[in-house]
Amino acid sequence: MTSRMRKPSKDPGMAFCSNIMLSLLERKRFHMTDFEYYYRRAASELKGTRGAERDGCRLIAAGYTSNLDKVVKNPVQAVNDLLKEYSPRIPDNRNQGDIESSSTSAGFARKLPNEPAAVLNSPGEFLEAVLYYASRGLGAEFAITPGLSSFLERRFTCENAVGGTAAQSAMAIGAFGYPVLLHETDGSPELLRQLEEANLLLVRNGKPVRCADCNSAASAMPHYIIQLKKEARLSAGKQNIIIPESNRLIFICDSVNPVLPFNEDFLRYVEQNARRFSSYIISGFNVILEESILLQRIAAVISHIQRVKRVNPDIMLYFEDAFYFHTGKKAGLYREVLPCADFLSLNEEELFQLAKLTGSPLKNNNPESVAQGVEHLISYFSPRKGVVLHTKHYSMYIGEECGTDMRRGLAAGNLIAGAKALTGRFGNMKAIDECLEMPLSPDGLAFYRELAQMPTGRHIDIVPSKYIEGPQFTVGLGDSFIGGVQTCFYDAAPS
């Protein structure tokens, strides 16, 4: 759906209802085949070959975090084996507080509701966290001690993978041949071997180099990933829970990303070569633990992207939301950084959190409420272009015209995320083709059709997702989507 109408009033509540008299042309609806056109167009672009890195070619920048994900194999069995030994009480959903009402983010560093803790340090605390969030079908991230990390390493069989929003977004499109310059924070040999698969570029001595040409003896920063599928069963003694929704839990033993050290060579290279870049993914501040460091890093990145934008006004600065450890500071920081960025990108859970922090009218996930909530965020934070919302049923852009067809980017993001959900791998063209043959999400189509009947004061693009029931893999889907969106900026940029 695309709407092109006058800019809304300053009142975010009135903005959504400002244009009642719409012409038949403005109310034109797309058919299902229009969505398929954008999916097949996106797939065709992904199949296109792109040459090796050379002087003068366009680039995509991705900042700022990377880490080594350790994906737990047979996670339900692995957790149940631990439960047989430790068997903590399964939380009673009726008596625990609302996860969203607590003072700490639902997405990071939690033991139990209303019991904030920076670090989990025992198997019992680990299992309590798993049971609480799994019983609600929620995803979350937790910091853990080195001792607990060693315990999990001994007890679980894991597969190494790329972690971090920047690194996963870069992998998602680098695997299809798009040239991406990555700001890495974990430079361990284990991670560099993973990054080599997508031919990503890093900055060394002021120049872009292939990961294969980088040597490092740095220690890996392990993030343990437990993927739990819908309807899987966890058992603690005589108590059982059936997982209501597929999601993932992440347990982090990381001394680097919580301080987010900037690679000055990377920042300097992007500034000095800004005209080479079509877009720039900005992310990773959510993992910073100390408030003073968070404030310093935000101030530094604001100055940096302002310099980049002065040199290349056409670069698309894409700021990805996340659950922050310092939730209370989030809204204030966003009001500083987002006017310098073009896009705010977030998922449905993050939308509800930001809505709560900013006094948004968002009440539920029906189309009118979601659109009003997004309108509120645009008015409150003032990104230059608008907001991208990605959910399992649809992706949507609301904002100003941005010089490229966002529907193609949304479709590419949906496809790449869908392929990752099917295989857990990046760059799998067979999985892309498999996604193409899947039906559109019924819930996504229903959302589109209902919103299509409503007047709005913004340009809106919606692409229903391809319907995947019970995805095999749930980690990095949002990051894969983010990468996919960058392809429409890259393909639209002048050579």
Side-chain angles (χ1 to χ4, degrees), residues 35-48 50 58-62 162 164-180 182 198 200 277-283 316-321 342-347 385-397 402 404-436 438 440-441 444 461-466 468 471 473-493:
F35 296 125
E36 296 298 345
Y37 163 77
Y38 283 104
Y39 273 116
R40 295 191 181 279
R41 179 182 167 193
S44 177
E45 292 287 351
L46 293 175
K47 291 178 181 179
R50 286 168 179 80
R58 297 188 306 278
L59 294 168
I60 298 166
V162 172
T165 293
Q168 292 200 87
S169 299
M171 287 287 294
I173 49 177
F176 288 103
Y178 286 87
V180 185
L182 172 67
L200 299 184
F277 292 88
S278 57
S279 64
Y280 190 168
I281 299 166
I282 301 165
S283 65
M316 295 297 183
L317 302 176
Y318 194 94
F319 189 96
E320 179 63 18
D321 190 23
D342 293 290
F343 300 92
L344 167 63
S345 172
L346 71 174
N347 64 30
K385 301 295 184 184
V387 170
V388 175
L389 176 65
H390 47 97
T391 80
K392 65 181 180 180
H393 295 299
Y394 65 90
S395 56
M396 176 171 68
Y397 168 68
C402 56
T404 188
D405 193 338
M406 288 295 291
R407 289 166 293 188
R408 219 277 289 160
L410 298 176
N414 291 349
L415 271 182
I416 293 175
K420 180 73 159 54
L422 289 174
T423 66
R425 303 289 181 184
F426 296 109
N428 190 318
M429 204 63 227
K430 182 178 180 181
I432 293 288
D433 289 336
E434 187 176 345
C435 281
L436 281 177
M438 291 180 172
L440 296 171
S441 163
D461 290 322
I462 300 176
V463 178
S465 304
K466 290 292 187 171
I468 300 175
F473 300 89
T474 56
V475 176
L477 304 188
D479 298 340
S480 297
F481 171 85
I482 295 163
V485 174
Q486 310 312 304
T487 64
C488 73
F489 306 137
Y490 184 92
D491 293 326

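Only a predicted model underlies this, so the values are computations on that prediction, with no experimental measurement involved.
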- [ ] List the steps and the verdict of side-chain contact (heavy atoms from CB on, under 4.5 Å) for Tyr490 and Thr404.
- [x] CA-CA 10 Å; Tyr490 184 92; Thr404 188; over 6 Å; no

Open item on the list: Assess the residue pair Leu46 and Tyr178 against the criterion (side-chain contact (heavy atoms from CB on, under 4.5 Å)); give the C-alpha distance rounded to whole Å, side-chain angles, the decisive distance to 0.1 Å, and a yes or no.
Closed with: CA-CA 9 Å; Leu46 293 175; Tyr178 286 87; 4.1 Å; yes

Open item on the list: What verdict does the side-chain contact (heavy atoms from CB on, under 4.5 Å) test give for Glu320 and His390, after you've listed the backbone C-alpha separation in whole Å, the side-chain angles of each residue and the deciding distance to 0.1 Å?
Closed with: CA-CA 11 Å; Glu320 179 63 18; His390 47 97; 3.2 Å; yes

Task: Tyr318 and Val388: CA distance, side-chain angles, deciding distance, side-chain contact (heavy atoms from CB on, under 4.5 Å) verdict - done: CA-CA 9 Å; Tyr318 194 94; Val388 175; 3.5 Å; yes

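Residues satisfying the side-chain contact (heavy atoms from CB on, under 4.5 Å) test with Ala412, not counting sequence neighbours, are Ala42, Arg408, Thr487. Taking Ala170 as the reference, Ala62, Val180, Leu182, Leu200 meet the side-chain contact (heavy atoms from CB on, under 4.5 Å) condition, with sequence neighbours excluded. Here Ser465 pairs with Asn414 under the side-chain contact (heavy atoms from CB on, under 4.5 Å) rule; sequence neighbours left out. Residues meeting the side-chain contact (heavy atoms from CB on, under 4.5 Å) test with Ala421, sequence neighbours left out: Ile468, Pro471, Leu477. Ser480 meets the side chain to side chain donor-acceptor pair (under 3.5 Å) test with no other residue; sequence neighbours excluded. Looking at residues two or more places apart in sequence or on another chain, you find no ring pair (Phe, Tyr, Trp, His ring centres under 6.0 Å) involving Phe277. For Gln486, the side chain to side chain donor-acceptor pair (under 3.5 Å) partners two or more places apart in sequence, or in a different chain, are Ser279. Contacts of Asp342 classified as salt bridge (charged side-chain N to carboxylate O under 4.0 Å, His left out), with partners at least two apart in sequence or in another chain: Lys309. Applying the side chain to side chain donor-acceptor pair (under 3.5 Å) criterion to Arg41, with sequence neighbours excluded, gives no partner residue. Under the side chain to side chain donor-acceptor pair (under 3.5 Å) criterion, Ser441 pairs with His393, sequence neighbours left out.
Screening Phe319, Tyr280, Tyr397 for a ring pair (Phe, Tyr, Trp, His ring centres under 6.0 Å) with Phe343, the sole residue that qualifies is Tyr397.
The shortest distance between side-chain heavy atoms of Tyr38 and Leu410 does not fall below 4.5 Å. With contacts defined as side-chain heavy-atom distances shorter than 4.5 Å, the pair Leu422/Lys466 does not qualify. Looking at Phe426 and Gln168, their side chains come closer than 4.5 Å, going by heavy atoms from C-beta outward. Side-chain contact between Val463 and Met406 is absent, with no heavy-atom pair separated by less than 4.5 Å.
In this structure, Met316 CE and Ile60 CD1 are separated by 12.5 Å, a value rounded to the nearest 0.5 Å. Separation of atoms CG (Leu346) and CG (Leu389) is listed at 5.5 Å; rounding is to 0.5 Å. One distance of note links OH of Tyr37 with CZ of Arg407; it measures 9.0 Å at 0.5 Å rounding. Here the straight-line distance linking atom CD1 of Ile482 with atom CD1 of Ile416 works out to 11.5 Å at 0.5 Å rounding. Annotation: the span from Asp461 atom CG to Asp405 atom CG amounts to 6.5 Å, rounded to 0.5 Å.
Taking all atoms of both residues into account, the shortest heavy-atom contact from Ala417 to Phe481 is CB-N, 4.1 Å. For the residue pair Ala175 and Ala198, the shortest heavy atom distance occurs at N-CB, 3.6 Å.
Sorted by first and then second residue, the salt bridge (charged side-chain N to carboxylate O under 4.0 Å, His left out) pairs involving residues 478-488 (not counting sequence neighbours) form an empty list.
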Extract all donor-acceptor atom pairs below 3.5 Å that involve side chains of residues 427-434 and protein atoms in other chains or at least two apart in sequence.
| residue | atom | partner | partner atom | Å |
| --- | --- | --- | --- | --- |
| Asn428 | OD1 | Lys430 | N | 3.1 |
| Asn428 | OD1 | Ala431 | N | 2.9 |
| Asp433 | OD1 | Lys47 | NZ | 3.3 |

